[in-house]
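A quick write-up on the structure given underneath.
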Amino acid sequence: MEGRILEHPILNFQRKARVKIFFEGREIEAYEGESVAAALHAAGIRVLRYTPIDGRPAGFFCAVGKCSACLMEIDGIPNVRSCMTKVRDGMQIRRQNKNGDLL
Amino acid sequence: MMYDAVIIGGGPAGMSAATILGDKVKTLIIDENDRLGGQLVKQTHKFFGDHEHYASMRGFEIADKLLKEIQKKPVLISLSSTVIGIYPQNTVAYVKDGQIQKVQYKKLLLATGAMERQLPFVNSDLPGVYGAGAIQTLMNQYGIFPGKRFLIVGSGNIGLILAYQLAQSGVEVKMILEALDKVGGYEVHANKVKRLGIPILTGHTIVRAIGDEKVEGAVIARVDKNNIVKGTEREVVVDTICVAVGLTPLIELAEQSGAKVSYIPELGGYVPLRDERMRTTNKDVFVAGDLSSIEEATTAMMEGKIAAMQMVEDLTGENLEDKIYDDLNSLAIFRSGPKSAKIRTGLEKMGINVPKIDLPKPQRFERYDDSKLHAVIECTEEIPCNSCEYACKFDAIKVGININSVPSFDPAKCTGCALCVTSCPGLAIFMKRSEDKAATLGIPYEFLPLPKMDDKMWGLDREGNYVCDVKVKRVVKNPNKTNIVYVELPSEFADMVRHVKYPSKESPYVCRCEEVTLDEIEKVIDLGVTDFEELKRLTRVTMGPCNGKNCKMVVLGILSKKTGIPISSLSHGTSRPPTKPIEFRAFLKEGEE
Ligand SMILES: Cc1cc2nc3c(=O)[nH]c(=O)nc-3n(C[C@H](O)[C@H](O)[C@H](O)COP(=O)(O)OP(=O)(O)OC[C@H]3O[C@@H](n4cnc5c(N)ncnc54)[C@H](O)[C@@H]3O)c2cc1C
């Protein structure tokens with residue numbers, strides 16, 4: 001089950017405006033205020049990068065900016081913490097391979 | 001820019017400090033998130049703790065409350081600001097909007113909290129192995145389903161609360177594993193989860209995660225003294241694994257500020273050395289909250305206040321000694337219970353004097369008049385919490401000055417108002433009235449959909465097993481979202497049922513030894529069998545190794561409901577030895593083969 005929670009016994013989720021973000025060129029549903037990692041997770045995307053040495057798939061662990069497991073290439077910049085970066089209209093997100101490319 | 005006081009970290013510790021510093025000196029509070037609150041903003045459960053420090057409010061509501069306090073004061077708040085280092089000349093550097101900013105402080109309070117520990121097992125780096133905080137962030141902050149079927153590793157309060165929160169979102173929790181031989185967190189939190197039918201397997205751990213690109217399952221096994229017991233490995237199918245094995249303080253900034261740190265495992269690992277009033281080995285630097293020792297929101301708030309008052313004294317010379325002593329005393333009482341033994345040891349290692357507290361415990365009452373509606377308090381572990389005492393307007397519940405005492409309840413004073421049921425953070429209070437045949441039971445309920453009058457539901461016991469059918473008589477909706485569902489049920493079961501749920505399509509197992517379902521039993525009764533012994537022979541219920549201890553009453557209840565004969569008039573069959581499973585060898589004479 002991915003996707004968004006619509007009804008909750010305690011919380012009342014009010015989603016803000018829809019924004020267009022792109023993962024590997026494909027449009028993903030996202031709402032203002034969400035982190036990149038959260039929006040990707042809602043779309044069923046758990047692999048955020050491949051590790052530098054063994055090339056293993058990796059996703060986030062802490063989702064609050066501490067563990068640095070969620071580094072991605074966002075708008076051409078590598079090694080960005082996707083859990084601490086809010087989605088922006090037109091954002092281009094890519095899985096990071098190894099250490100990421102600056103060029 | 002120079003500030004009198006800079007606070008790094010806007011959780012309960014930093015926020016409480018800001019409410020005091022804000023009035024007195026030029027104060028800046030910095031946090032990496034886009035709102036203040038720290039751990040609190042993701043917590044949807046009611047916090048246990050001290051009434052004075054917002055116990056019984058939900059975490060995110062406590063954050064709102066503290067924020068309102070701060071907003072009344074001239075405190076500068078810098079959000080979405082990540083502090084990257086402390087530099088010479090009392091300089092704090094942080095990044096905001098992609099730019100490095102620098103500020104200077106006269107006094108610094110570090111309240112950066114903690115981060116979650118990782119647990120190394122094969123494939124623990126696989127996407128889908130998440131920390132508890134990550135899951136709460138997705139689920140409670142962004143409203144995103146964190147997964148479909150969960151395995152939780154760790155039965156401390158965080159693992160237990162997370163399991164409950166997942167269930168509230170409609171996510172399945174397969175089980176909680178605990179390597180030790182007993183549950184780590186508070187009993188009331190464990191009970192909340194167990195009665196939903198989520199098993200807690202003590203003496204078990206995870207061996208590996210299964211999957212290529214993401215989690216598709218896990219191998220679990222028994223552990224004995226930290227070793228996996230060979231041959232006990234088995235697979236479970238889950239798509240998400242939550243690691244909830246504790247927190248460790250975030251000490252980097254403290255170290256950079258020149259504060260000495262030391263390894264004190266009882267407090268959470270490496271922690272800054274500090275005195276009773278939270279001053280580190282650098283006289284201008286203070287710490288508070290989870291950074292100083294992994295504890296509770298209440299202690300974080302108290303420590304934040306104590307640190308702030310000392311900072312005010314340093315900066316302005318104002319005398320706040322009386323207030324500081326008061327707060328130190330409350331803190332000592334809070335930490336005097338059995339659950340804080342580790343913290344006390346840790347503090348002593350740091351050289352902090354931990355006063356011995358021996359306070360009277362309230363008197364207990366035993367008279368119950370079951371013919372009137374009254375509270376039933378199932379809070380038997382000494383934990384620091386007094387919400388129920390403050391909720392009761394009729395003086396029927398007492399915790400008293402020793403906040404760790406188990407509440408004492410005087411049924412004679414109870415009016416049946418159920419305010420205690422609504423307020424109890426452990427959901428450990430129920431309402432009961434029991435007459436000859438039928439009983440009324442009030443159960444705290446925090447799930448969707450909310451039951452409706454006259455609905456038929458299943459009554460479940462403390463382990464989530466089916467006990468009997470119940471009928472909804474009344475539903476009380478409360479503003480704090482802990483609603484109360486009053487159900488009618490046969491009085492024999494009033495002390496067994498502790499949760500209700502809508503019947504599911506699959507029939508529940510009644511006899512777990514012989515694996516007989518409710519459906520199978522009802523079918524046999526429908527064929528005309530009304531005698532318990534006959535029912536036993538035909539279905540094998542109560543004939544397994546437990547000798548009917550688990551299910552006999554439940555089976556009799558089903559028989560009684562179907563036939564209209566009260567349980568007291570039914571024959572309950574013959575009890576045969578052995579009453580417990582024993583080895584066959586026991587029947588041989590000595591020397592016989
Ligand atoms: C699941 C769960 C359930 C809990 N239940 C209870 C309960 O029922 N009752 C109870 O009393 N307690 C409970 N607690 C514990 C309580 O939440 C914590 O003890 C408390 O939040 C600690 O407060 P704090 O202010 O020290 O740290 P935190 O709340 O962790 O706040 C620290 C803040 O500092 C910020 N920060 C850290 N580093 C930086 C940096 N470099 N730059 C900028 N900002 C930074 C963080 O982003 C965070 O906002 C629970 C905790 C969890 C996880």
Side-chain angles (χ1 to χ4, degrees), chain A residues 1-16 28-51 53-70 74-75 77 80-87 95, chain B residues 32-34 38-39 42 44-46 58 60 80 82 113-116 118 123-149 165 168-172 211-215 239-240 243 250 445-450 480-483:
Chain A
M1 179 164 37
E2 259 82 33
R4 287 171 175 80
I5 301 171
L6 300 177
E7 259 196 325
H8 191 280
I10 311 292
L11 298 169
N12 186 5
F13 296 111
Q14 269 157 5
R15 300 217 152 73
K16 296 191 194 143
I28 300 286
E29 182 177 343
Y31 297 85
E32 217 176 273
E34 289 180 350
S35 71
V36 170
L40 293 182
H41 191 279
I45 297 155
R46 291 188 173 200
V47 181
L48 304 181
R49 66 178 176 122
Y50 290 94
T51 59
I53 298 168
D54 293 334
R56 288 171 67 85
F60 57 75
F61 176 76
C62 80
V64 286
K66 308 274 176 352
C67 75
S68 295
C70 67
I74 298 181
D75 287 336
I77 301 172
V80 180
R81 293 179 300 170
S82 58
C83 74
M84 293 305 282
T85 309
K86 301 282 182 214
V87 295
R95 269 193 190 124
Chain B
E32 186 168 20
N33 296 296
D34 58 6
Q39 291 286 346
K42 291 173 282 194
T44 53
H45 65 289
K46 293 179 291 185
R58 296 183 191 277
F60 64 92
S80 306
T82 305
M115 79 175 270
E116 285 186 89
Q118 308 229 2
N123 290 335
S124 60
D125 60 337
L126 209 57
V129 179
Y130 299 147
I135 292 161
Q136 291 186 329
T137 305
L138 283 180
M139 176 168 67
N140 297 341
Q141 196 173 337
Y142 295 119
I144 288 170
F145 282 112
K148 195 172 180 181
R149 297 181 101 199
Q165 294 180 352
Q168 284 181 306
S169 293
V171 173
E172 184 184 347
D212 293 328
E213 290 259 308
K214 58 182 184 197
V215 171
D239 68 356
T240 316
V243 177
L250 277 168
Y445 198 83
E446 298 185 329
F447 292 89
L448 289 178
L450 193 61
N480 82 345
K481 310 258 169 88
T482 301
N483 303 313

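Nearest approach of Asp34(B) to Lys86(A), heavy atoms of both residues: OD2-CE, 3.2 Å. Counting all heavy atoms, side chain and backbone alike, Pro9(A) lies closest to Gln168(B) at CD-O, 3.3 Å. Minimum interatomic distance between Pro57(A) and Asp212(B) (heavy atoms only, all atoms of both residues): CG-O, 3.6 Å. Between Pro127(B) and Val47(A), the closest heavy-atom pair is CG-CG2, 4.0 Å. Nearest heavy atom pair, residue Ser169(B) against residue Ile5(A), reads OG-CD1, 3.9 Å. Scanning both residues, Val129(B) and Phe61(A), for their nearest heavy atoms gives O-CD1, 3.6 Å.
Without hydrogens or angle criteria, Lys481(B) side chain to Ile10(A) main chain gives a donor-acceptor distance under 3.5 Å.
In terms of the side chain to side chain contact (heavy atoms under 4.5 Å, CB included) criterion, residue partners of Ala39(A) (sequence neighbours excluded) are, by chain and number, Arg4(A), Ile21(A), Ala30(A), Glu34(A), Val87(A). Legend: residues meeting side chain to side chain contact (heavy atoms under 4.5 Å, CB included) with Asn123(B), ordered by chain and number and at least two apart, are Arg56(A), Leu126(B), Arg208(B), Ala209(B).
Contact annotation for Phe60(B): only side-chain heavy atoms (C-beta onward) come within less than 4.5 Å of a heavy atom of chain A. Of the atoms belonging to Arg49(A), not a single heavy atom falls under 4.5 Å from chain B. Looking at Ser35(A), the atoms closer than 4.5 Å to chain B (heavy atoms on both sides) sit in the backbone and in the side chain alike. In this structure, no portion of Gln136(B) lies under 4.5 Å from any heavy atom of chain A. Both the backbone and the side chain of Tyr142(B) come within less than 4.5 Å of a heavy atom of chain A. For chain A, no part of Ile135(B) is nearby; none of its heavy atoms comes within less than 4.5 Å. Within the 4.5 angstrom heavy-atom criterion, atoms from both the backbone and the side chain of Phe60(A) approach chain B. With a 4.5 angstrom heavy-atom cutoff, Ser124(B) does not touch chain A via any of its atoms. Using a 4.5 Å cut-off between heavy atoms, Arg58(B) contacts chain A through its side chain alone, with no backbone atom that close.
Put simply, of Asn33(B), Asn140(B), Thr44(B), the one with the most heavy-atom pairs under 4.5 Å next to chain A is Asn140(B). No other option in Gln165(B), Gln141(B), His45(B), Met115(B) has as many heavy-atom pairs under 4.5 Å with chain A as Met115(B). With chain A as partner, the option from Glu116(B), Arg149(B), Met139(B) having the largest number of non-hydrogen pairs under 4.5 angstrom is Met139(B). For the options Leu450(B), Thr240(B), Val215(B), heavy-atom pairs under 4.5 Å to chain A are most numerous at Thr240(B).
Between Val64(A) and Lys42(B) there is a side-chain heavy-atom pair separated by less than 4.5 Å.
If you look at Tyr130(B) and His41(A), their ring centroids are closer than 6.0 Å.
At most 12 heavy atoms of other shown residues, nucleotides or ligands fall within 6.0 angstrom of atom NZ in Lys214(B). In the displayed structure, Glu213(B) atom CD is contacted under 6.0 Å by more than 12 heavy atoms of other residues, nucleotides or ligands.
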Start with the C-alpha gap between Met84(A) and Ser80(B), add the side-chain angles, then the distance that decides, and say whether side-chain contact (heavy atoms from CB on, under 4.5 Å) holds. CA-CA 9 Å; Met84(A) 293 305 282; Ser80(B) 306; over 6 Å; no
